[in-house]
There are 2 protein chains.
Amino acid sequence: MQRRSEYRPRLVSYVLNNKKEGRISKEITAKIKQAAIDLNYQPNHIARSLQAQKTMTIGLIVADIANPFSSQIARIIEDEAQKAGYSVIFGSSDEKASKTEKLIKLFLNRQVDGFIIAFPENTQTQAQYLKQIGIPFVMIDRYFPEITSNCVSINNYSAAASAINHLLENGRRKIGIVTYATALHHLNERKRGAIDLLGDDAAVGEIRIDHVAEDVAEAIAGFLALPEPVDAVFFSTNLLTVAGLKYLNSLNVKVPDQVAVVGFDETDAFDLFYAPVSYVKQPMTDLGREAVNLLLETIDDSSLQKSVTLDTELVARQSSVLLR
Amino acid sequence: MQRRSEYRPRLVSYVLNNKKEGRISKEITAKIKQAAIDLNYQPNHIARSLQAQKTMTIGLIVADIANPFSSQIARIIEDEAQKAGYSVIFGSSDEKASKTEKLIKLFLNRQVDGFIIAFPENTQTQAQYLKQIGIPFVMIDRYFPEITSNCVSINNYSAAASAINHLLENGRRKIGIVTYATALHHLNERKRGAIDLLGDDAAVGEIRIDHVAEDVAEAIAGFLALPEPVDAVFFSTNLLTVAGLKYLNSLNVKVPDQVAVVGFDETDAFDLFYAPVSYVKQPMTDLGREAVNLLLETIDDSSLQKSVTLDTELVARQSSVLLR
DNA sequence: CTGAAAGCGCTAACAG
DNA sequence: CTGTTAGCGCTTTCAG
C-alpha cells in the first residue's frame, strides 16, 4: 500500500501505461517494475480519476436490485463492464422519480462516466437533464417514446402478441390480461400487443404497483366471475405472474385445465409450479451486453444515438398446452 | 455543472459542511448559497475523496449478485449504507478465490473505505491480507473460524438442528441431507447441526458446486434406493432446495406424502410448489443492517473486533407436516 | 532519455 | 470573519 520510491513522478505513469512516447531504457524499465513489485505499489485510482476526469465507473439504476430481473441484468452488466475495465456502482429507484433523481445527482457528483438506467414513471425530466448536460447514458428495459436517446429494450408489443397468439392457437377463447396501471411505455406496449389481438374479448386487470397481491386477486376474481369466464390469463411481468399463480392456487383453480397461464420473464418458481409455467423469455444476456456496449460507444462518441430492440422467445410449457 | 464563482476557495467547504469554526456572516452565507444554486454547483466527490482520503464507498463482494440471497442482501446494504452517506460498489466472486482476490485489489485501488465480503472457499489469505493492511471489513454469511475478525452470520448449527428436529417431531425417521462438498465453514456447520441429531441414520449427499443438478439427482436417487429409503430431505441452501424439488417432481415423488422437505432461505418458488415448502428463514434485513453498522463502527474505530450471530426461524408449512 | 513542475477540485491550515 | 496557500496522488508538459 505504500508508495515512496526513488522514481516517483513518471514511474507510475510508465509502469501502468506502457507509453511509447518518452521511452525508457530497458534496464531502468525492469528496475522500475521490480521496485513497483517490491513496494507492492498500488495505484490510487481516485487520484488518477481526478486528473483524467474519468472514473471508469458506470452508474446503474434499477427498480430494485433485489428483484431477480434487476439482479440478473446487474450481473451481466458487471461482467461486461469489467471486461472493459469499468466498475459498477448501483442504486435502486423503487420505481420512484424522487429516488431516481437523488441517485442521478449522487452518481453525477461521484463523476461516473455514464449511466445505465431503468427509468421509472414520470422521469422524463431526468432523462432530458442527462441529455442536456451531455453525459452518456442508456435506457434499459424502459424508455420514453418521446425522448430519442440510447436505448436497449425488447419488442414488447410483439412479445405480448406472441403470448396471446400462443394461447389462441391452443384453443383459448377468453383471455384475461394482468398488467400494471402505469404510464410506463414498455408495459403499455405489452398491453397493446395483447389487446390488439383480442379486441372486445379482452378482460383487462390493471394492478396498482403498491397493492399487487390485493389487486391481482381482485382482477382474477373478476375474470372468473365474468358471464363468460376467462380460460387463460396473460401476465405482463414476473411479479404479477407469481402473485397471480399464488392466487389461483389459493382458489384451487387448476392450471391449465381451467385456466391457462403465460407469464413474463423467467424465475425458478415457474419450473416448480405443478404445471411448469409458459413464459415470454427476455434475452437477458443480450440486454445487458448491448447496454454496456452501447454505453461504451457513447462514452467514446457522445453524439451517438442508437436504439437496440431485441426479440423475445415464447417458452411454451404445460401451463398453456392445448386442451384435450 | 460548472463551478467558477467569485468565492472559490472556502465557499465549497462552507456550503457543504456548515462548519462552526470559521463562521461566516449571515448575509454572505446567503449570498454564497444563492450563488451555489445559481451556478448549479455540484461538488466533485472525487476531488473531495482524494484530499479527505475517504471515498464514502463500500466494496461489496458476493458470490453472485444474480442469486436472490446475494441480491436481497445487497439491497439491504444499499439502503443502510445510503443512510450513512455511503455508496456501494459491487462484484461477484463466483465462489472463486482468484476473482475475489482481483476484486479486492480493484476495490482497494479504488480506495473503498471498507468491505463487506462473502468469502468463498480458500480465501483465508485474502482475509488475512485485509486484516494485515488494516482496512475495515466485515465477513457476511461466510466466515473462517480460525480468523478472528468482524463477522455477521447466522447460527448455522442450530438452524440446521431446528430443521431436523422439526422433521423428527413430525414423525420422519430416515432423513437425507443435501449439502455442498465444500470447505465453507458455515455450510459444514449446517451439516454438523443436522448430522449430530441423526447419527448413523443420516444419509448425506455432498454436491459439487459446478454440477448441482446432476449431483442432486444422484444423491436423491441414492436416498430413495436405500434399504430404508428416506422419508424426508433437508437441503442446506436455496439453490440445492430448488434443484431437489425439481428432481423430486420429475420422479413424481409426492411431497410430503412420500418425502418431506425442508429448505434453506426463502424464494417465491417455495410458495408456488404444490406443497408450500418449509424452510429455514434467515433474518436478511438484520444480516445486512448489522453488516453495514459493524463496518461503519470499524471505520470509526479500526481496532474493533466483533462477531454478530443471528438466529433463524423455521417456517413450517405443508411440505413437512405430520403424516396422518 | 530523465528530472521538475503544474494542475485536476477539494479542504485544512495559516495569515491577515 | 475572510483571503491565500499547500497538498491529496496522479499524468502531462516542458526543460534539460
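Just so it is clear, the model here is predicted, and its values are computed rather than measured.
A salt bridge links Asp79(A) with Arg75(A): at least one charged nitrogen is closer than 4.0 Å to a carboxylate oxygen.
Inter-residue side-chain proximity for Tyr86(B) and Leu295(B) is flagged as unmet; no heavy-atom pair is nearer than 4.5 Å. Looking at heavy atoms from C-beta onward, Gln111(A) lies out of side-chain contact with Ser49(A) at the 4.5 angstrom threshold.
Proximity note for Gln53(B) (side chain, C-beta onward) versus dC10(C), dC8(D), dC10(D): the nearest is dC8(D). The side chain of Arg48(A) lies closest to dC10(D) when the candidates are dG9(D), dC10(D), dG9(C).
Partners of Lys102(A) by side-chain contact (heavy atoms from CB on, under 4.5 Å), not counting sequence neighbours: none found. With sequence neighbours excluded, no residue forms a ring-ring contact (aromatic ring centres under 6.0 Å, His included) with Phe107(A).
Remark: C1' of dT5(D) and CD of Gln51(B) are 13 Å apart, rounded to the nearest angstrom. Atom NE2 in His45(B) sits about 15 Å away from atom C1' in dC8(D), given to the nearest Å. Atom NZ in Lys54(B) sits roughly 19 Å away from atom C1' in dG9(C) (whole-Å rounding). Counting to the nearest Å, the P atom of dC10(C) and the CZ atom of Arg110(A) are 15 Å from each other. The separation between Ile46(B) atom CD1 and dT11(C) atom C1' is 16 Å, rounded to whole Å. As rounded to whole Å, 19 Å separates atom P of dC10(D) from atom CD of Gln111(A). A straight line from CG of Asn44(B) to P of dC8(D) spans 18 Å, rounded to a whole angstrom. The distance from atom CG of Leu50(A) to atom C1' of dG7(C) is 9 Å, rounded to the nearest whole Å.
Of the possible donor and acceptor atoms, one in the side chain of Asp113(A) sits under 3.5 Å from a partner among the backbone N and O of Thr55(A).
Note that the two end axes of the helix from dC1(C)-dG16(D) to dG16(C)-dC1(D) enclose an angle of 60°, each drawn from 5 base pairs, rounded to 10 degrees.
For the 3.5 Å distance criterion, the side chains of Asp301(B) and Ser303(B) qualify, holding a donor opposite an acceptor.
Under 4.0 angstrom from either OP1 or OP2 of dG9(C) there lies no side-chain N or O belonging to Tyr41(B).
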